[in-house]
Amino acid sequence: MKNTIIAPSILSANFADMGREIDRMVQAGADWIHCDVMDGIFVPNITFGPKMIKDIRKTTSLILDVHLMITEPIRYISEFASAGADYITIQVESTDKVEETLRLIKEKGCKCGAVISPDTPVEVLRKYLPLCDLALVMSVHPGFGGQKFIENSLNKLAELKKLRDEINPNCIIEIDGGITEENVQLVKNAGAEAIVAGSAIFGSKDPKQTIVNMKL
Ligand code: DX5
Ligand code: ZN
């Protein structure tokens with residue numbers, strides 16, 4: 001079995017101490033750093049933009065997984081790519097130009113991914129999967145950390161895994177929202193290969209142990 005990718009979400013970090021927070025995750029054995037970009041329009045919360053990615057890029061060589069929860073993300077792809085993002089993922093609900101945006105991400109030299117919110121059916125991803133390096137199932141409504149895992153996401157993961165195996169075996173399946181040491185095995189068994197976790201890792205007394213447990 002492939003090694004599970006653990007991607008702590010900096011949404012749960014102390015924004016006033018980001019350099020040290022990233023370092024804490026590197027020391028704890030994180031594989032990727034998940035960066036949640038929110039615009040206050042597509043989601044009710046606001047976080048940060050390309051400048052944060054650029055500054056984080058200087059502090060670590062870990063893969064930066066940039067999750068855009070913004071309206072019409074095509075407007076900002078160039079900026080996030082030159083800021084140093086490795087993966088850029090976009091919400092399929094945020095634009096009518098999903099395919100065009102995914103192509104632009106690739107053109108700018110990044111890996112691309114499509115994300116579905118809890119109310120969006122997996123089937124929507126079918127037409128984008130051939131283009132995607134990553135497909136992300138949101139297991140909470142995007143906007144905030146610390147929410148409860150939506151159980152139906154397990155069915156969605158299993159459905160996505162089938163579709164992915166059929167259409168694009170190289171595409172990584174990621175899950176984001178409400179993942180804890182308690183439910184991580186369930187999402188892995190259902191098909192998740194990359195695990196985003198914010199509060200469970202940043203809030204842990206021992207992030208290193210939490211990451212080890214999530215990788216078991
Ligand atoms: C929610 C974000 C998530 C969030 C996860 O909109 O996309 O990445 O940080 O936080 P937890 O793991 O606390 O649910
Ligand atoms: Zn996210």
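We count ligands from 1, going down the list as the structure has it; atoms in each ligand are counted the same way. Just so you know, these numbers use all the heavy atoms, side chains as well, and skip hydrogens, waters and symmetry mates. Since this is a predicted model, take the numbers as computed values, not measurements.
Some N or O of Asp176 is nearer than 3.5 Å to an N or O of ligand 1, by distance alone. Taking distance alone, with nitrogen or oxygen atoms compared against 3.5 Å, Gly178 approaches ligand 1 more closely than that limit. For the pair His141 and ligand 1, the shortest N or O to N or O distance does not fall below 3.5 Å.
Against a heavy-atom cut-off of under 4.0 Å, Gly146 is close to the following atoms of ligand 1: 11 (P), 13 (O), 14 (O). Near Val196, meaning under 4.0 Å from any of its heavy atoms, are these atoms of ligand 1: 8 (O). Close approach to Pro142 involves these atoms of ligand 1, each under 4.0 Å from a residue heavy atom: 6 (O). The ligand atoms of ligand 1 that sit less than 4.0 angstrom from a heavy atom of Gly177 are 14 (O). Atoms of ligand 1 lying under 4.0 Å from at least one heavy atom of Ala197, given by number and element, are 12 (O). Which parts of ligand 1 touch Met38 is read off a 4.0 Å heavy-atom cut-off, strictly below it: atoms 6 (O). Near Met69, with a cut-off below 4.0 Å to any heavy atom, the atoms of ligand 1 are 6 (O), 7 (O). Annotation for ligand 1: atoms under 4.0 Å from non-hydrogen atoms of His34 are 8 (O).
To the nearest 0.5 Å, atoms CD1 (Ile41) and OG1 (Thr71) are separated by 5.0 Å. Here the CD-CZ distance, from Glu93 to Phe42, works out to 4.5 Å after rounding to the nearest 0.5 Å. The CD atom of Glu174 sits 9.5 Å away from atom CE of Met138, with the distance rounded to the nearest 0.5 Å.
Nearest N, O or S atom of Asp36 to the Zn ion (ligand 2): atom OD1. Within His67, the N, O or S atom lying nearest to the Zn ion (ligand 2) carries the name ND1.
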Are Phe15 and Glu21 close enough, and set up right, to give a side chain to side chain contact (heavy atoms under 4.5 Å, CB included), and what steps lead you there? CA-CA 8 Å; Phe15 281 26; Glu21 290 284 68; over 6 Å; no

Stepwise side chain to side chain donor-acceptor pair (under 3.5 Å) test for Ser153 and Ser139: CA-CA 6 Å; Ser153 314; Ser139 38; 4.6 Å; no

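What sits closest to atom 12 (O) of ligand 1 on the protein, heavy atoms only, is Gly198 N, 2.7 Å. Shortest contact from atom 13 (O) of ligand 1 to any protein heavy atom: Ser199 OG, 2.5 Å. Annotation: atom 1 (C) of ligand 1 to nearest protein heavy atom, Phe144 O, 3.7 Å. From the protein, the heavy atom lying nearest to atom 10 (O) of ligand 1 is Gly145 CA, 3.5 Å.
Under the 4.5 Å side-chain heavy-atom criterion for Ile, Leu, Val, Met, Phe, Trp and Tyr, Ile179 and Val115 are members of distinct hydrophobic clusters. When the side chains of ILVMFWY residues are joined at heavy-atom separations under 4.5 Å, either directly or via intervening members, Val140 and Leu160 end up in two distinct hydrophobic clusters. Put simply, Leu62 and Met214 are part of the same group of oily side chains (I, L, V, M, F, W, Y) that touch within less than 4.5 Å, one to the next. There is no path of hydrophobic side-chain contacts, each under 4.5 Å, that joins Val212 to Trp32.
Centred on the Zn ion (ligand 2), the angle running from His34 (NE2) to Asp176 (OD2) is recorded as 100°, rounding to 10°.
Not a single salt bridge (Lys or Arg N to Asp or Glu O under 4.0 Å) links Lys148 to another residue, sequence neighbours left out.
Considering only heavy atoms from C-beta on, His141 comes within 4.5 Å of Ile150 through its side chain.
Other residues, nucleotides and ligands contribute only 12 or fewer heavy atoms inside 6.0 Å of the NZ atom of Lys54.
Of all the heavy atoms of Ser9, the ones lying under 4.0 Å from any atom of ligand 1 belong exclusively to the side chain.
What you find for Pro44 and Phe144 is that their closest heavy atoms are CG-CE1, 3.8 Å.
By the 4.0 Å heavy-atom criterion, Ala200 is excluded from the residues contacting ligand 1. Using 4.0 Å as the threshold, Phe149 has no heavy atom nearer than that to any atom of ligand 1.
Between Gly143, Ala13, Ser117, it is Gly143 that holds the heavy atom closest to atom 6 (O) of ligand 1.
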